[in-house]
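Reading through the structure tokens given below for one structure.
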Amino acid sequence: KTTLVNLLLRLYDVTEGQITLDGHDIRQIPLKVLRESIAYVPQDSMLFSDTIARNIAFGKHDATMDEIMEAAKDACVHENIIDFTEQYETVVGERGVTLSGGQKQRCAIARALLKESSVLILDDSLSAVDTDTEDKILANLKRRRQNSTTIMIAHRVSTVRNADHILLLDEGGVKEYGTFDELMALNGSFAEMVEKQRLE
């Protein structure tokens with residue numbers, strides 16, 4: 001899964017075949033343009049030793065406070081931030097050590113939402129939040145990004161349940177592909193995973 005993200009971001013290029021974005025081979029798109037059009041939230045979110053507001057506005061330096069707060073609300077982290085004494089002016093330690101794992105992830109999601117890129121990649125970025133918070137964030141993503149591409153990498157089935165396309169990868173290859181209902185009808189590995197997670 002990580003290899004796929006690295007290829008999309010062109011950290012290295014495919015040796016066979018091609019990856020296209022809106023019908024264009026990504027190797028033909030200038031690297032700066034490609035990377036500016038993608039917002040990426042890694043599993044281990046990186047925050048800087050700076051205020052929460054500046055961390056969220058990192059990809060959009062001219063962002064207003066209202067825009068920062070709106071992104072934080074859509075990432076379901078606003079309530080946590082206003083509980084801090086300094087609120088949005090709270091300085092987080094190096095790599096965000098003063099925040100919990102879930103708060104760091106949600107601040108990174110807010111940063112990516114604020115950037116308003118045409119492609120958003122969430123690399124297991126909801127793993128540290130509970131399912132209720134996950135549902136709210138996913139609903140906000142659906143509303144906010146309805147005309148954009150969002151790629152979600154997840155181990156939790158609930159994260160991808162309402163995706164337009166689901167790709168099940170296994171040992172570096174595509175094992176199953178389709179909508180949630182199509183994959184359930186196959187009664188294969190995906191359906192087995194759904195049932196296992198339901199029982200857990």
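Numbers here are sequence positions counted from 1.
Tracing side-chain contacts under 4.5 Å through hydrophobic residues (I, L, V, M, F, W, Y), one reaches Ile82 starting from Val77; they form part of the same cluster. Residue Leu141 is not grouped with residue Ile121 when hydrophobic side chains (ILVMFWY) are merged at heavy-atom distances under 4.5 angstrom, including chains of intermediate members. If you chain together hydrophobic residues whose side chains sit under 4.5 Å apart, Ile19 and Leu11 fall into the same group. Hydrophobic clustering (side-chain heavy atoms under 4.5 Å, transitive across Ile, Leu, Val, Met, Phe, Trp, Tyr) groups Ile26 together with Leu7. Side-chain heavy atoms closer than 4.5 Å link hydrophobic residues (I, L, V, M, F, W, Y) into clusters, and following such links, possibly through other members, connects Leu21 to Val14.
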- Step by step, would you call Leu114 with Ile68 a side-chain contact (heavy atoms from CB on, under 4.5 Å)? CA-CA 7 Å; Leu114 187 61; Ile68 293 168; 4.0 Å; yes

- Do Ser189 and Asp170 pass the side-chain contact (heavy atoms from CB on, under 4.5 Å) test, and can you show the C-alpha distance, the side-chain angles, and the key distance before you say yes or no? CA-CA 10 Å; Ser189 300; Asp170 186 40; over 6 Å; no

- Query: Hey, mind stepping through Val119 and Tyr40 against side-chain contact (heavy atoms from CB on, under 4.5 Å) and telling me if it holds?
  - Reply: CA-CA 8 Å; Val119 178; Tyr40 171 51; over 6 Å; no

- Task: Using the side-chain contact (heavy atoms from CB on, under 4.5 Å) rule, take Leu126 and Ile109 through it: C-alpha gap first, then chi angles, then the decisive distance, then the call.
- Result: CA-CA 9 Å; Leu126 297 171; Ile109 291 168; 3.7 Å; yes

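Leu186 contributes atom CG, which lies 12.0 Å from atom NZ of Lys175 (distance to the nearest 0.5 angstrom). Taken to the nearest 0.5 Å, the CG atom of Asn80 stands 4.5 Å off from the CD atom of Gln103. Distance check, rounded to the nearest 0.5 Å: CD of Glu182 to OH of Tyr177 gives 9.0 Å. Between atom CG of residue Asp181 and atom CZ of residue Arg161 there is a gap of 8.0 Å, rounded to the nearest 0.5 Å. Ile151 contributes atom CD1, which lies 11.0 Å from atom NE2 of His165 (distance to the nearest 0.5 angstrom). With values rounded to the nearest 0.5 angstrom, Leu122 atom CG is found 9.5 Å from Gln105 atom CD.
Proximity of Met69 to Ile56: side-chain heavy atoms (C-beta onward) are nowhere separated by under 4.5 Å.
Crowding of Arg144 atom CZ: a count of heavy atoms from other residues, nucleotides or ligands under 6.0 Å exceeding 12. Within 6.0 Å of the NZ atom in Lys60, the count of heavy atoms belonging to other residues, nucleotides or ligands exceeds 12. By the 6.0 Å contact criterion, CZ on Arg27 is enclosed, its count of non-hydrogen atoms from other residues, nucleotides or ligands being greater than 12.
Counting only distance, with no hydrogens or angles, the side chain of Arg54 and the backbone of Asp50 share no donor-acceptor pair below 3.5 Å. For the pair Arg35 (side chain) and Arg10 (backbone), a donor-acceptor distance under 3.5 Å is present. With hydrogens and angles ignored, the 3.5 Å screen pairs no side-chain donor or acceptor of Ser117 with any backbone N or O of Leu120. Side-chain N or O atoms of Asp123 include none that pairs as donor or acceptor with a backbone N or O of Pro42 at under 3.5 Å. When atom types are taken as modelled, the side chain of Glu192 and the backbone of Asn187 share no donor-acceptor pair closer than 3.5 angstrom. Remark: the backbone N or O of Phe48 is paired with a side-chain donor or acceptor of Asn55 at under 3.5 angstrom. Gln197 contributes no side-chain N or O that, together with a main-chain N or O of Val194, makes up a donor-acceptor pair within less than 3.5 Å. Thr51 contributes no side-chain N or O that, together with a main-chain N or O of Thr90, makes up a donor-acceptor pair within less than 3.5 Å. Glu176 contributes a side-chain N or O that, together with a main-chain N or O of Phe190, makes up a donor-acceptor pair within less than 3.5 Å. In this structure, Ser118 contributes its side chain and Ser148 its backbone to no donor-acceptor pair below 3.5 Å.
For the residue pair Val5 and Ile153, the shortest heavy atom distance occurs at CG2-CD1, 3.2 Å. Of all the heavy atoms in Cys107 and Ile52, the pair that sits closest is SG-CG2, 4.2 Å. Between Cys76 and Arg106, the shortest heavy-atom distance links the atoms O-NH1, 2.6 Å. Scanning both residues, Ala71 and Leu113, for their nearest heavy atoms gives O-CD1, 4.1 Å. Across all non-hydrogen atoms, the minimal contact from Asp130 to Asp132 is OD1-N, 3.1 Å. The nearest pair of heavy atoms linking Ser158 to Leu138 is O-CD1, 3.9 Å.
In this structure, a donor-acceptor pair under 3.5 Å is absent between the side chains of Arg145 and Asn140. A donor-acceptor contact closer than 3.5 angstrom links the side chains of Thr159 and Glu134. Asn6 and Thr3 are not linked by any side-chain donor-acceptor pair at a separation below 3.5 angstrom, with hydrogens and angles left out of the test.
Using a cutoff of 4.0 Å between basic side-chain nitrogens and carboxylate oxygens, Arg143 and Asp74 are scored as salt-bridged.
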